[in-house]
Enquirer: 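Just dropping this structure here.
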Amino acid sequence: MAQRVSYFEWMLQVLERAIKMDNLPYELYKVLSRPERVLTVSIPVRMDDGRLEVFEGYRVQYSSALGPYKGGIRFHPEVDLDTDKALALGMTLKNALNNLPYGGGKGAVKVDPKRLSKGELERLSRGYARAIAPLIGDQVDIPAPDVGTTPEIMAWMVDEYSRIRGYNVPGVFTAKPPELWGNPVREYSTGYGVVVAARAAAERYMGGLQGLRVSVHGFGNVGQYSALFAQRQGAKVVAVSDTSGTVYDPNGIDVELAMKVKAQTGKVINYPKGEKIYDPMASLFVDAEVLMPSAIENVITKDNASKVRAKLVVEGANGPTTPEAEAELYKRGSIVVPDISANAGGVVMSYLEWVENLQWYWWDEEETLKRLDAIMTSNVKRLIDRYESLKSTNPSATMRDAAFILALERVYRAMKARGWL
Ligand code: GLU
């Protein structure tokens with residue numbers, strides 16, 4: 001059965017619940033249940049065959065209480081304004097939870113990037129950057145990649161924006177390629193952070209990540225590096241999936257080989273070993289202690305949550321678990337490390353890159369990774385501590401409630417200090 005409540009509506013439900021649970025004023029809900037500003041743009045693109053196509057895009061500037069708006073840009077055929085608002089609210093809370101000096105925002109273009117030629121993709125990316133240029137800036141709103149966008153796209157966008165301004169503005173987009181003011185860590189930072197979060201939770205609840213079986217749903221930027229670093233931490237990756245299907249091997253998947261196959265053929269199902277299951281969702285239900293849903297929102301729903309066997313769900317994607325599904329998982333004794341903590345490695349790394357860019361300075365890969373690891377580890381541990389203390393007074397509290405509460409307290413303090421509330 002289809003999900004009736006939209007992603008934005010269920011984000012608001014969790015928001016309201018956290019505000020009530022923490023006795024924060026309802027005014028905070030009134031302010032945070034709407035974005036500060038929504039920009040809708042249309043982007044005409046000359047296609048290779050001579051036709052003109054006009055794409056629809058958005059930039060949601062959700063909150064600026066803690067600093068410039070910050071969040072990625074999604075290129076996806078099914079994205080709409082509601083989803084973009086949900087993601088922008090999520091960024092507001094993610095940035096707050098992780099102590100970054102940012103508010104939250106998110107952009108999107110309704111397009112299937114896989115169906116565009118490279119030239120078409122570049123024209124669309126530059127067109128989108130031009131369309132949002134009046135409302136962004138390295139002190140105003142700093143986009144980055146999300147599902148369907150890449151460092152190459154960020155390079156086109158930062159070039160376009162810099163041309164408009166008439167001088168180079170490296171800090172206006174993050175996750176750029178290392179050749180153009182990017183940092184090499186950003187490419188794998190989200191997956192790396194997912195594994196830092198999994199490691200901290202596994203140490204607290206399961207005696208460590210070593211030897212645990214891990215399944216990864218989604219094999220894009222986040223899923224691939226989550227699988228790779230999970231394996232490097234001594235876990236056994238038993239299943240990975242993308243839209244082509246699931247590869248399952250109880251003896252362990254060779255993640256580097258799977259990444260090579262994905263790079264060469266575009267489909268993980270072409271991995272030469274293990275069992276092929278022509279169903280991307282199968283990775284959610286295999287026998288594994290840890291599940292990393294790393295594709296997109298709304299995949300673990302009330303209709304399938306009872307089939308999830310993992311004790312630890314670590315959300316690499318934004319919004320993969322619906323609230324009803326999450327309640328079911330907790331009822332069955334599982335714990336969900338929520339997206340705004342588990343996948344924050346990307347934006348934490350974006351922050352480090354931005355700091356480098358603003359100073360025209362750089363740290364090497366080793367130094368950057370050390371900083372990323374330290375920030376992620378302490379943030380996740382702080383969250384687990386808060387979850388444990390919250391649970392002692394609210395037995396039904398989830399780790400997501402604790403994450404929202406930590407984030408909301410910070411946003412609230414900033415709004416109070418500014419005199420907004
Ligand atoms: N799109 C990523 C996220 O959802 C990264 C955002 C960023 O680096 O600004 O967290």
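Counting starts at 1 for both ligands and their atoms, following the listed order.
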Enquirer: Indicate yes or no for a side-chain donor-acceptor contact from R213 to the backbone of K236 under 3.5 Å, with no hydrogens or angles considered.
Expert: no
Enquirer: For D146, take its heavy atoms, then give the atoms of ligand 1 lying under 4.0 Å from any of them.
Expert: 1 (N), 2 (C), 4 (O)
Enquirer: Under 4.0 Å, heavy atoms only, figure out whether ligand 1 is touched by the backbone of A175, its side chain, both or neither.
Expert: neither
Enquirer: Starting from atom 6 (C) of ligand 1, find the nearest protein heavy-atom neighbour and note its residue, name and distance.
Expert: G72 N, 3.7 Å
Enquirer: With a 4.5 Å heavy-atom cut-off, do M292 and V194 have their side chains touching?
Expert: yes
Enquirer: What are the atoms of ligand 1, with element, lying closer than 4.0 Å to any heavy atom of A144?
Expert: 7 (C), 8 (O), 9 (O)
Enquirer: Starting from atom 9 (O) of ligand 1, locate the nearest protein heavy atom and write down its residue, its atom name and how far away it is, to 0.1 Å.
Expert: K70 NZ, 2.7 Å
Enquirer: Kindly say whether the aromatic ring centers of Y188 and F229 come within a distance under 6.0 Å.
Expert: yes
Enquirer: For ligand 1, which atoms sit closer than 4.0 Å to a heavy atom of M91?
Expert: 3 (C), 4 (O), 6 (C), 10 (O)
Enquirer: In Å, rounded to the nearest 0.5 Å, how long is the span from CH2 of W156 to CZ of R123?
Expert: 10.5 Å
Enquirer: When only distance counts, is N343 in polar contact with ligand 1, meaning an N/O pair under 3.5 Å?
Expert: no
Enquirer: If we set the cut-off at 4.0 Å for heavy atoms, which region of R186 has an atom near ligand 1: side chain, backbone, both, or neither?
Expert: side chain
Enquirer: What atoms of ligand 1 come closer than 4.0 angstrom to any heavy atom of K106?
Expert: 1 (N), 3 (C), 4 (O)
Enquirer: In this structure, does ligand 1 have an atom that sits under 4.0 Å from one of the heavy atoms of G71?
Expert: yes
Enquirer: State the atoms of ligand 1, each with its element, that fall below the 4.0 Å cut-off from a heavy-atom position in P145.
Expert: 1 (N), 2 (C), 5 (C)
Enquirer: State whether a side-chain donor-acceptor pair under 3.5 Å links S63 with T92.
Expert: no
Enquirer: Would you say Q210 and Q233 make side-chain contact, with heavy atoms under 4.5 Å?
Expert: no
Enquirer: By number and element, which atoms of ligand 1 are closer than 4.0 Å to a non-hydrogen atom of K94?
Expert: 3 (C), 4 (O), 10 (O)
Enquirer: Considering only heavy atoms, does N318 approach ligand 1 within less than 4.0 Å through its side chain, its backbone, both, or neither?
Expert: side chain
Enquirer: V111 and L116: side-chain contact (heavy atoms from CB on, under 4.5 Å), yes or no, with the steps?
Expert: CA-CA 9 Å; V111 60; L116 301 188; 3.9 Å; yes
Enquirer: Could you tell me how the ring of Y351 sits relative to the ring of W354: parallel (under 30°), tilted (30 to 60°) or perpendicular (over 60°)?
Expert: tilted
Enquirer: Within the structure provided, determine whether M259 and Y225 are in side-chain contact (heavy-atom separation under 4.5 Å).
Expert: yes
Enquirer: Looking only at heavy atoms, is any part of R74 under 4.0 Å from ligand 1, and if so is it the side chain, the backbone, or both, or is it neither?
Expert: neither
